[in-house]
Amino acid sequence: MNFLEEKILRDGVIKEGNILKVDSFLNHQIDIDIMRQMAYEFKRRFHGVEVNKVLTIEASGIAIATLLGHLYDVPVVFAKKSETANCTDDKYISQAYSFTHKKMNNVFISKPYLSATDKILIVDDFLADGQAAHSLIDLVRQAGGEVAGIGIAIEKGQQQGGSRLRAEGYRVESLAIIESMDWQTQTVRFRNQPEMSLEGANLTIG
Ligand code: 5GP
């Protein structure tokens, strides 16, 4: 089991409706040591991939992206969300349905912060249906840049975002992939990953 899976088991809470709460280290309070370990692990997994910018979406991706940008020594850009984003010449705009807030968001980046020469590593806290990731890919494409890879802290493997992105040819590296979780028993099952030792076991949170 890797450090993030251990942290999820120790501090995560499963809520009804297929939601994993990780407020104590990722979505509200930020555990800098875990962020640092995540950044090192992404850097290790994307070894040899050329990256000149790290891109995420507000808010929870920003902490991971910042530490990763520090390791690569490249700028970090975060897409902003807004219910209303006027179509102006100075922004790239896309849309994403929010899984947690159950509403459509406009997602935008000011044009000077993306360019056609960019080789972008996208990072985010969660991957569920892939809405957020697809909106970021769309923004990179609008600027004519290249997506070098996608790094995700927690992928919810029961939802189709990860498999769709991989089928589209993107390299997706997720540090913890949840195969299934049960809020009543607070058990979670992680997908087998090479560096894990307790693969496929049902593990209890708390
Ligand atoms: P997607 O766009 O892939 O459908 O969903 C990813 C986004 O939804 C993430 O940026 C994250 O903010 C949120 N999200 C989706 N599922 C969960 C979850 O189980 N727990 C938390 N904390 N956030 C989630």
Side-chain angles (χ1 to χ4, degrees), residues 4-5 7-31 34-35 38 42 54-68 76-83 85 93-109 120-141 147 149-168 170-191 203 205-206:
L4 184 56
E5 293 158 339
K7 187 73 176 166
I8 292 168
L9 289 183
R10 206 162 47 240
D11 295 336
V13 179
I14 302 165
K15 296 284 183 187
E16 197 175 357
N18 192 32
I19 296 282
L20 175 66
K21 293 281 270 187
V22 287
D23 282 6
S24 68
F25 63 95
L26 185 53
N27 289 143
H28 200 354
Q29 173 171 260
I30 292 169
D31 184 322
I34 290 287
M35 297 301 123
M38 289 203 269
F42 285 131
V54 174
L55 176 65
T56 189
I57 183 164
E58 66 178 0
S60 297
I62 296 174
I64 310 167
T66 304
L67 288 171
L68 190 55
V76 173
V77 175
F78 60 93
K80 297 192 176 200
K81 292 177 194 163
S82 141
E83 278 180 66
I93 301 179
S94 190
Q95 274 84 38
Y97 181 76
S98 166
F99 179 84
T100 34
H101 299 111
K102 310 280 179 239
K103 65 169 189 181
M104 208 65 189
N105 277 315
N106 283 300
V107 174
F108 66 91
I109 297 178
I120 291 188
L121 184 52
I122 291 174
V123 290
D124 206 1
D125 58 340
F126 273 87
L127 173 62
D129 293 329
Q131 292 272 331
H134 276 110
S135 68
L136 293 175
I137 291 168
D138 183 27
L139 295 172
V140 174
R141 284 229 188 96
V147 175
I150 302 171
I152 299 294
I154 304 170
E155 176 178 337
K156 290 158 76 189
Q158 337 78 300
Q159 290 174 252
Q160 297 311 305
S163 48
R164 266 192 222 122
L165 287 166
R166 291 182 182 98
E168 287 163 18
Y170 294 102
R171 174 155 173 211
V172 182
E173 292 287 345
S174 300
L175 305 187
I177 305 180
I178 292 173
E179 208 62 272
S180 61
M181 56 185 181
D182 182 345
W183 69 275
Q184 283 169 311
T185 56
Q186 289 294 304
T187 51
V188 57
R189 190 180 183 88
F190 293 112
R191 184 176 302 172
L203 302 162
I205 275 184

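In listed order, ligands and their atoms are each counted from 1.
Scanning both residues, Ser24 and Asp11, for their nearest heavy atoms gives OG-CB, 3.5 Å. Nearest heavy-atom pair across Leu127 and Gly162 is CD2-CA, 3.5 Å. Smallest separation of non-hydrogen atoms from Val76 and Thr66: CG2-CA, 4.0 Å. Listed here is the closest heavy atom pair of Ile8 and Ala176: CD1-CB, 3.8 Å.
For Asp124, every heavy-atom contact with ligand 1 shorter than 4.0 Å involves the side chain, none the backbone. Under 4.0 Å from ligand 1, the heavy atoms of Lys156 that appear belong solely to its side chain. Only the side chain of Asp125 comes within 4.0 Å of ligand 1, counting heavy atoms alone; its backbone N, CA, C and O stay farther away. The parts of Asp129 lying near ligand 1 are both backbone and side chain, judged by heavy-atom distances below 4.0 Å.
Crowding of Lys81 atom NZ: a count of heavy atoms from other residues, nucleotides or ligands under 6.0 Å exceeding 12. For Arg166, the CZ atom is densely surrounded, since the number of other residues' heavy atoms within 6.0 Å is greater than 12.
Looking only at heavy atoms of the protein, atom 22 (N) of ligand 1 is closest to Asn27 OD1, 2.9 Å. When only non-hydrogen protein atoms are considered, atom 2 (O) of ligand 1 lies nearest to Ala132 N, 2.8 Å. Counting protein heavy atoms only, atom 15 (C) of ligand 1 is closest to Phe99 CD2, 3.4 Å. Scanning the protein heavy atoms around atom 6 (C) of ligand 1, the nearest turns out to be Phe126 O, 3.6 Å. Atom 5 (O) of ligand 1 has its closest protein heavy atom at Ala128 CB, 3.5 Å. Protein heavy atom nearest atom 20 (N) of ligand 1, with residue, atom name and distance: Leu20 O, 2.8 Å.
Using a 4.0 Å cut-off to heavy atoms of Leu127, the atoms of ligand 1 that qualify are 3 (O). Those atoms of ligand 1 that come under 4.0 Å of a heavy atom in Gln131, given as number and element, are 1 (P), 2 (O), 3 (O), 4 (O).
Between Leu139 and the choices Ile122, Ile109, Leu55, Val77, the side chain to side chain contact (heavy atoms under 4.5 Å, CB included) rule is met once, by Ile109. Under the side chain to side chain contact (heavy atoms under 4.5 Å, CB included) test applied with Ile64, the options Asp124, Val54, Thr56, Leu26 reduce to a single match, Leu26.
The closest approach between Asn18 and ligand 1 falls below 4.0 Å for a heavy atom of the residue. A heavy-atom separation below 4.0 Å is found between Gly130 and ligand 1.
A donor-acceptor contact closer than 3.5 angstrom links the side chains of Asn27 and Ser60.
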